[in-house]
Structures are given as C-alpha cells and as structure tokens.
Amino acid sequence: MPALVDDIRVIREENPFESMMWRFDHAANLLNLDPDLYKVLRVPNREITVYIPVFMDDGHIEVFTGYRVQHNFARGPAKGGIRYAPDVTLDEVRALAAWMTWKCAVVNIPFGGAKGGIICDPAQMSQIELERLTRRYTAELIDFIGPERDVPAPDMNTNEQTMAWIMDTYSMHARQTVTAVVTGKPIDLSGSRGRREATGRGLLFVIDEAVKKLGMHPASTRVVVQGAGNVGSTAARLMHETGYKIVAMSDIHGGIYNDKGLDVPDLLNYQRIHRSFEKYPQAEPVSNMELLELDCEVLLPAATENQITSHNANRIKCKILAEGANGPTTAAADDILEQKGVFVIPDILANAGGVTCSYFEWVQDRMGYFWKEELVNERLQDIMVASFHDVCKYAESHNVNNRIAAYMLAIDRVAYITRVRGIYA
Ligand code: GLU
C-alpha cells in the first residue's frame with residue numbers, strides 16, 4: 001500500500017505541489033495502485049533549471065531563472081504552458097506539470113504533462129526584453145522540446161506572440177520551420193482557429209452539463225467570475241451570450257458586483273479602456289476575496305492558485321464551482337466544499353479545453369491542413385462533454401467526489417499505459 005500522509009494538517013496548504021500530491025496519494029490509495037507504479041508516478045520525469053542572461057534596454061545584463069518540469073511522457077509528448085511571473089517557484093511549476101499529465105489523461109488526449117516558468121515581472125519589461133528572454137530560454141531548452149518531445153503553450157502572462165518567438169527560435173536551430181513545437185500560436189502562423197477562446201469555451205460546455213444535471217437553467221443562474229485574463233473574460237463573454245447572468249467579475253485590482261446582472265461586452269470594453277473595473281458605473285465595488293463569497297449559483301475562479309482555502313471555504317455560497325484556473329482550491333478546502341454539497345468541476349477537467357484545442361493545433365500542424373472554427377468547436381464540445389460525464393460516472397460508481405474521481409480516472413489511465421509499456425531498465 002502506498003505510504004499515505006494521513007493528516008492533511010501536515011501539508012503546507014498554500015504549496016500547490018503538496019496540495020496536488022495530497023490528492024494524488026488519496027486517489028492512488030483508493031485505486032489500490034501497485035506500490036512500484038506508485039513510486040514511478042509520484043515523481044516528475046525531469047526537472048530543468050536554466051539561468052537566462054538577457055541584455056536589458058539600458059545595456060546591463062540581468063540573469064533570470066527559468067524552469068521546465070517534464071512530469072510524464074507515458075501517453076505521448078509532454079505538454080503544457082509557460083508562465084512568466086515574479087512569484088514563480090519550482091514547486092509551483094512541478095504541481096502545474098503534474099496537473100497537465102492528469103488533465104491530458106482526463107480528456108484522453110495523447111500527451112504527457114509539463115510546465116515551464118520564468119521568474120520575471122513582464123509588466124516591467126519591454127517587448128524586446130521579453131523577446132530576448134523568450135528566445136534565450138528556448139535555446140537553453142532546445143534539446144528537450146520538440147513536436148515529439150515536449151510542446152509548450154501559453155499560460156499566465158505569455159501569449160501568441162511568445163509562442164511565435166519560441167517557434168521561430170526553435171526553427172532557426174532546426175534549420176527548418178517546425179510549427180508543431182508549440183501551440184497557441186497566432187492563426188496566421190499555423191495556429192488553430194478557436195484556440196484563444198478554447199479554455200473559456202470548454203468551461204461553458206462543462207458548466208452547461210452541470211447546470212442540466214442539477215436541474216438548473218442558465219437564465220436563473222448567477223455567475224461570479226474571478227479573473228479577467230484570457231480564460232475569465234472569454235468564459236464570461238460566452239456565458240453571457242448563452243443567457244447566464246454574470247453578476248460579478250474581477251481582475252488583479254479588484255472587482256465589481258451587480259445582482260441584476262452585468263452587461264459583459266460593455267464591461268470588458270470598459271476594462272480594456274481603463275485597464276481596471278474600478279468606478280464602472282452600473283455596479284458596486286468588491287474585493288477579490290469578497291467576490292468569492294458572493295451569493296451565486298456558479299463560481300468560476302479563473303485567476304490563480306490558492307483562492308479557496310480552509311479559511312474561506314466555509315463561506316463559499318455557490319452550487320457549482322468551475323475551476324478555470326489551475327489549483328484555485330487547496331486540498332484542505334476540498335472536504336469543506338464536499339460537506340457543503342458544492343458540485344465541483346475540478347481544474348483538470350474544467351479548464352482542459354485549452355490543451356484539448358492545443359492538441360487539435362498540433363494535429364493540424366502535423367497534417368498541414370487547417371480546420372474551420374465550427375469543426376474545432378464541435379470537436380472540443382464532444383471531448384469536454386464526454387469527459388464531464390466520464391468523471392461524473394466515475395464519482396458516482398466509486399462514491400468519491402468529482403475531484404478525486406478525475407484524479408483516479410487520470411492516474412488509472414497513465415498507470416495502465418506505464419504498465420503496458422513497461423519500465424526500461
Ligand atoms: N496553459 C494551459 C493549461 O494550463 C494550456 C496548456 C496547453 O495548451 O498545452 O492548461
């Protein structure tokens with residue numbers, strides 16, 4: 001039997017890696033995972049740290065620290081985004097890499113998991129500094145990434161332009177254009193139609209299924225969205241178009257609330273112009289923490305990790321928690337939410353629309369044949385809806401909550417392939 005940490009108080013609640021491992025251990029134990037396989041799946045395959053010298057615009061050199069953690073390759077090339085942020089840590093990147101492995105397995109796409117991060121403050125850097133940083137980071141990782149090895153994508157503070165630089169740098173070294181080395185590229189540079197919206201659209205698809213399952217209706221479903229990055233703003237816009245009532249939204253500076261519902265296109269336009277929701281006329285101001293505790297049917301955290309913890313989980317009022325961000329809920333909050341009867345759509349299912357469309361992009365690049373947006377969205381819907389029902393069925397038949405069901409389903413799939421492939425020794 002795997003060695004289980006059986007007291008959740010011993011884990012550091014706000015360490016995403018420990019939160020991830022707590023759930024992994026719990027799911028592995030329920031699966032009766034073979035102790036040898038447990039040892040293999042408990043650790044990442046490879047962790048790379050690089051030090052990246054960059055000429056800053058004033059002529060001095062700054063050395064940045066970057067990571068790429070390649071968690072697992074059993075089901076295919078490693079896959080996962082790269083984030084740029086001042087508070088990136090190796091433990092965070094480790095957790096995010098493992099989540100990619102489980103996420104790709106939950107939606108059953110042929111990838112393993114990886115994640116990258118660079119400790120930097122992109123808001124304080126010029127475009128050309130960011131370009132130099134990205135290119136040198138790519139060059140440092142040149143032997144480790146590639147269409148059949150590890151395929152990066154955007155994550156926090158990286159975007160289509162970042163992916164274009166990575167693709168170009170990799171291609172320069174390979175002496176040929178290799179589009180499938182990254183996903184989330186601009187459409188004109190062999191990106192996929194629908195990729196930019198895919199995470200938000202995937203959230204809409206799984207929330208629609210949950211709403212139907214619980215006998216609710218979009219028009220009377222109040223939605224609170226935390227975060228106005230790509231995921232939060234796209235999800236809010238698409239849900240508004242579908243007839244949901246978005247009652248609150250926030251960005252890093254804070255949020256706004258109107259219980260009668262917000263005009264989302266107008267609000268997003270306001271935020272684009274003012275770079276904040278502050279003083280938006282038809283709403284009350286709320287802080288990011290107050291926003292999580294608002295009365296609503298759907299809470300959609302789409303900002304960052306550790307938002308719902310043992311400190312505030314008791315005060316959460318939603319019926320459905322749809323995790324747009326990776327790791328917004330700590331392991332210590334899981335039990336509290338379960339006792340409250342919150343229907344959780346866990347991150348490794350809820351936000352898997354992004355990587356699913358990345359898979360479509362990788363397929364299209366390798367075919368050299370590009371699909372219409374309707375086809376991309378239809379295939380995305382098929383996968384998200386089927387995966388939602390797979391997780392619900394697993395939860396019901398094993399009498400566990402949705403999060404543990406998603407982990408069990410994913411670990412079972414990765415363990416099965418690992419067993420069939422065997423351990424090369
Ligand atoms: N960064 C996204 C995620 O966390 C997308 C990863 C990808 O498309 O590879 O799922």
Side-chain angles (χ1 to χ4, degrees), residues 2-5 11-12 14-29 31 33-51 65-83 85 87-107 109-119 137-138 140-146 148-153 155-156 182 305 326-327 331 347-348 352 355 358 406-419 421-425:
L4 254 189
V5 182
I11 74 166
R12 287 172 292 170
E14 309 234 328
N15 179 309
F17 185 68
E18 293 185 18
S19 259
M20 189 282 297
M21 284 315 296
W22 170 265
R23 288 141 172 174
F24 172 84
D25 280 353
H26 191 50
N29 191 48
L31 278 171
L33 186 67
D34 169 75
D36 285 339
L37 271 180
Y38 170 79
K39 281 182 244 161
V40 176
L41 298 184
R42 219 176 176 275
V43 288
N45 188 285
R46 184 187 282 140
E47 300 181 348
I48 306 156
T49 301
V50 292
Y51 297 98
T65 305
Y67 305 108
R68 184 78 183 163
V69 175
Q70 297 177 326
H71 179 260
N72 194 281
F73 295 92
R75 292 169 45 87
K79 185 86 194 77
I82 298 172
R83 64 172 54 178
D87 54 358
V88 164
T89 63
L90 182 55
D91 259 357
E92 178 193 24
V93 178
R94 263 185 200 133
L96 290 160
W99 278 324
M100 287 309 303
T101 302
W102 314 134
K103 191 185 302 188
C104 292
V106 166
V107 289
I109 58 176
F111 288 129
K115 201 78 170 201
I118 302 181
I119 306 171
Y137 173 70
T138 308
E140 295 294 338
L141 292 177
I142 210 82
D143 294 327
F144 298 100
I145 60 173
E148 312 297 334
R149 290 187 176 153
D150 177 7
V151 185
D155 197 78
M156 269 162 65
V182 280
E305 293 109 66
N326 292 310
D347 48 5
I348 56 174
V355 74
S358 278
Y407 273 71
M408 287 173 75
L409 183 64
I411 294 168
D412 205 16
R413 284 180 176 158
V414 178
Y416 173 76
I417 293 287
T418 310
R419 205 176 302 119
R421 286 181 64 153
I423 301 291
Y424 178 58

Subject >> Side-chain donor or acceptor of R149 paired with backbone N/O of A78 under 3.5 Å >> reply: no

Subject >> Cationic N near anionic O, under 4.0 Å, E92 to R83 >> reply: yes

**OP:** Provide the closest heavy-atom pair for A74 versus R421 in the form atom of the first, atom of the second, distance.
**Re:** O-NH1, 2.9 Å

Original post:
Can D25 and R42 be counted as an ion pair, charged N to O under 4.0 angstrom?
Top reply: yes

Original post:
Can you tell me if S19 uses its side chain to pair, donor with acceptor, with the backbone of A331 under 3.5 Å?
Top reply: yes

**OP:** Identify which one of I48, V88, I82 satisfies the side chain to side chain contact (heavy atoms under 4.5 Å, CB included) criterion when paired with Y67.
**Re:** V88

Original post:
Which heavy atom in W102 sits nearest to a heavy atom in A410, and how many Å separate them?
Top reply: O-CB, 3.4 Å

Original post:
So, D150 versus Q70: side-chain donor-acceptor pair below 3.5 Å or not?
Top reply: yes

Subject >> Heavy-atom closest contact (I109 atom, R75 atom, distance) >> reply: O-NH2, 3.1 Å

Original post:
Under the 3.5 angstrom rule, does the side chain of N72 hit a backbone N or O of G112 as a donor-acceptor pair?
Top reply: no

**OP:** Using atom types as modelled and distance alone, determine if a side-chain donor or acceptor of R413 lies under 3.5 Å from a backbone N or O of V106.
**Re:** yes

**OP:** Salt-bridge test for E148 and K79: reply yes if a basic N is under 4.0 Å from a carboxylate O, no otherwise.
**Re:** no

Original post:
So which heavy atom on I411 is nearest to which on A27, and how close?
Top reply: CD1-CB, 3.8 Å

